[in-house]
Amino acid sequence: MKKTLALLLALMMLLSVAAACAETAPKVNKFGWEIPDETIKFSVYIGSDNPDTLAKHTPAMHDYLLENFNVDITLITYENDATERESMMRAGNEYPDVVLTSIANAVPWIEQGRAADLTDYVTAEKTPNLVKRYGQYLQRLYNDEGRLYTLARSWGMSKWADYAPQVRYDWYLEAGEPDVSTPEAYYEAVKAMLANHPTNKNGEKTYAFGGYVDSSYSVIRTWLSMWGVKQFWAIDEENNMKYWAFTDEAIEMVKFLNQVNRDGLLDPDIFTMKSTEFGDRVTNERYAAFVGNWWICGTYGHEKWNGIYGADYNENMRYFHVNVAAPGKTATYNFKNTNGSRCIITDHAKDIEGILKWMDFENTDLGTRLVGYGLPDQEGSVWNVHEDGTWEYRPEKVQQITTDTSTFDWDAVENLGGQCTFVMSSGVEPLEDGTYFWFDQSCVDKWKVVKDKLLADTFYDSGAFSIITLPVDSMLPSIKTSCEEAAMTAVANAIYAASEEEAVKIMENCRQELVDYGIDELTEYYQTQYKANLEKWGK
């Protein structure tokens, strides 16, 4: 009897211990997130945007995270300029727990002691996923004293081409797929295309190339890349730098575009029209080619034409990306600022460990997808997540994004927090399966596959240059602005010059103006900082 009673008592004790353990064991959701007992609550300034748009896109994700993660994140935006707003925040000592900002704008947060010191919080033990995923890029965030005051946002090396020369593909096929490997061959091919299409169906003149004022800076930068210039700087094998306006490459580019203009094949509004007007001209089929960002001719080209032509539309009616390089040069269209932007946890944050617990999760595979794609398992979602943590894309969404983007419901995705609205510390480095936090870069059509393959040798890491900030207490920011304005004015005037000789003279005269503005001082600063960064990072 005593043995039986003892066994019963022992069994009861085991059951009570098991019950207690079950009650205290942390609950883990299907994303692998250990749900905290106390709500992790913090606010985030995400930069300049329309507050009404943010109010539309964030509630679903906010409520989902609160219910399923016990995390309460409030995103904040204002319509005024981010630099101005951040300055106002600091002046009034009224700012949120986290600030997403640029590399340059991060400096005053740190210098004024308003950025939390994260050195002892970000470790392989405390934030293992973040440390592992950041990899080589984490070291770049520590200052000279070895302290960490900021994380990065959208850091790393993506594998998709952002900029490229393009041709109207059906016209290109019609012309017999001529060579486009050099600037001269490219132009001859475009002229052959225009010979078949001198006007659009409305009788309006067609052009070889166009552009728009809100991107004229990047359009010229992309043209220069055809001659191997990197972000307006020529860099030699010893990493010495020369401002683009002083290079032979710039003269060659100007002579090229001046010829296109004198041939009457450059849209005269390239430096004055807005992107919407340029887009309308793309839709109205007025360009045989374009040199610049990859997306705009798709948005206003085949995505529009698909709906306009209906059953008469064929998939070759689109702009196709090609790799054009001057003889002996490697084109440099696709610079990648692997540093990304900055994520500051401010001194107002009361729960740094909780915020970093979330950011550590954001750098897991499922965490990156959640903040990138938006909510799963909902009407309009692009993906599903099962209770065992496995997941898959929704086939119908993959079908749409890779075959007929005009039918894709972006509003539904954005209203579920997708398109990276909630991304704070994750990067653009490919995940283990080669996909990204962008759904449309993770599921790509055959045209994007070809684009990225053709332009693979045009990618380069611009991090050592892009991270350089000019000291605000010096004349360098003013020198930079003056030089950029003078050079852009000169290149526009040179392109429109009545002769090649006049075009070259305009650029040569501009050089003295740049010297007078202080370009040598600016060059010396950039070159010194650039070389120092390369040495620091072991490049």
Side-chain angles (χ1 to χ4, degrees), residues 163 165 182-184 186-188 190-191 207-236 240-274 278 287 289-292 324-329 331-333 476-524 526:
Y163 298 91
T182 66
E184 292 73 19
Y186 181 43
Y187 186 38
E188 290 302 315
V190 170
K191 286 194 289 186
Y207 296 101
F209 309 107
Y212 49 103
V213 67
D214 24 342
S215 187
S216 58
Y217 196 68
S218 65
V219 166
I220 293 299
R221 182 189 65 216
T222 310
W223 275 106
L224 284 167
S225 299
M226 201 174 286
W227 280 266
V229 177
K230 296 181 175 180
Q231 290 181 277
F232 292 103
W233 294 89
I235 304 176
D236 65 20
N240 297 308
M241 302 175 68
K242 182 185 292 186
Y243 193 56
W244 68 277
F246 292 86
T247 66
D248 293 339
E249 291 83 355
I251 296 297
E252 291 304 310
M253 182 209 71
V254 164
K255 288 162 62 176
F256 180 94
L257 289 176
N258 174 261
Q259 183 65 61
V260 177
N261 183 64
R262 287 187 289 113
D263 290 343
L265 298 180
L266 185 70
D267 190 328
D269 299 323
I270 188 172
F271 292 114
T272 57
M273 63 181 158
K274 297 290 186 180
F278 171 74
Y287 301 113
F290 175 65
V291 177
V324 181
K329 302 287 186 179
T332 52
Y333 299 115
L476 291 175
S478 177
I479 292 173
K480 179 176 182 289
T481 299
S482 297
C483 289
E484 287 177 348
E485 291 177 351
M488 286 299 292
T489 298
V491 76
N493 289 336
I495 289 169
Y496 292 137
S499 67
E500 181 178 290
E501 293 73 20
E502 182 184 345
V504 172
K505 189 66 174 178
I506 289 172
M507 293 306 299
E508 290 175 343
N509 290 342
C510 172
R511 293 172 176 176
Q512 183 57 54
E513 186 178 4
L514 296 174
V515 170
D516 294 341
Y517 278 131
I519 190 63
D520 292 339
E521 183 180 353
L522 183 68
T523 302
E524 181 180 3
Y526 271 127

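Residues Ala486 and Cys510 share a closest heavy-atom pair of O-SG, 4.0 Å. Shown here for Thr182 and Pro327, the closest heavy-atom pair between the two residues is CG2-CG, 4.3 Å. Smallest separation of non-hydrogen atoms from Met273 and Gly211: CE-O, 3.1 Å. For Asn240 against Asp236, the heavy-atom pair with the smallest separation is N-OD1, 2.8 Å. Gly210 and Tyr287 get closest at one heavy-atom pair: CA-CE2, 3.7 Å. The shortest heavy-atom contact between Val190 and Ala289 is CG2-CB, 3.8 Å.
Between Phe209 and Trp223, the ring-plane angle classifies as perpendicular under the 30° and 60° cut-offs. In this structure, Phe256 and Trp227 have perpendicular ring planes: the angle between them is above 60°, well past the 30° mark.
Proximity of a side-chain donor or acceptor of Arg511 to a complementary backbone N or O of Ala245 within less than 3.5 Å is detected. Judged by distance alone, the side chain of Thr332 and the main-chain N or O of Val229 form a donor-acceptor pair under 3.5 Å. The backbone N or O of Ile479 sits nowhere less than 3.5 Å from a side-chain atom of Ser482 that would complete a donor-acceptor pair. Side-chain atoms of Asn493 come within 3.5 Å of backbone N or O of Thr489 as a donor-acceptor pair.
With contacts defined as side-chain heavy-atom distances shorter than 4.5 Å, the pair Val213/Thr272 does not qualify. In this structure the side chain of Tyr186 reaches within 4.5 angstrom of the side chain of Pro165, judged on heavy atoms. Thr222 places none of its side-chain heavy atoms less than 4.5 Å from the side chain of Phe290. Residues Ile270 and Tyr207 form no side-chain contact, since every pair of their non-hydrogen atoms from C-beta on lies 4.5 Å or further apart. The closest side-chain heavy-atom distance from Trp244 to Val491 is below 4.5 Å. When side chains are defined from C-beta on, Asp263 counts as touching Tyr187, because their heavy atoms get closer than 4.5 Å. Between Phe232 and Glu484 there is no side-chain heavy-atom pair separated by less than 4.5 Å. Leu224 has its side chain out of reach of Glu249: every pair of non-hydrogen atoms, C-beta onward, lies at least 4.5 Å apart.
Once rounded to the nearest 0.5 Å, the distance linking CD of Glu252 with CD of Glu184 reads 8.0 Å. Within the model, atoms OG1 of Thr481 and CG of Leu476 stand 11.0 Å from one another, a figure rounded to the nearest 0.5 Å. Of the inter-residue distances, the one linking Lys480 atom NZ with Glu485 atom CD reads 10.5 Å to the nearest 0.5 angstrom.
Remark: Lys191 NZ is packed, more than 12 non-hydrogen atoms of other residues, nucleotides or ligands lying under 6.0 Å away.
Annotation: Tyr243 is not in aromatic contact with Tyr526 [ring centroid separation under 6.0 Å not met].
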Listing, residues 494-508 side-chain donor-acceptor contacts under 3.5 Å, not counting sequence neighbours, or none:
residue : atom : partner : partner atom : Å
Tyr496  : OH   : Pro268  : O            : 3.0
Ser499  : OG   : Glu502  : N            : 3.1
Glu502  : OE1  : Ala498  : N            : 3.3

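Partner of Lys242 under the side chain to side chain contact (heavy atoms under 4.5 Å, CB included) criterion, chosen from Thr247, Ile519, Thr523, Ile235: Thr247.
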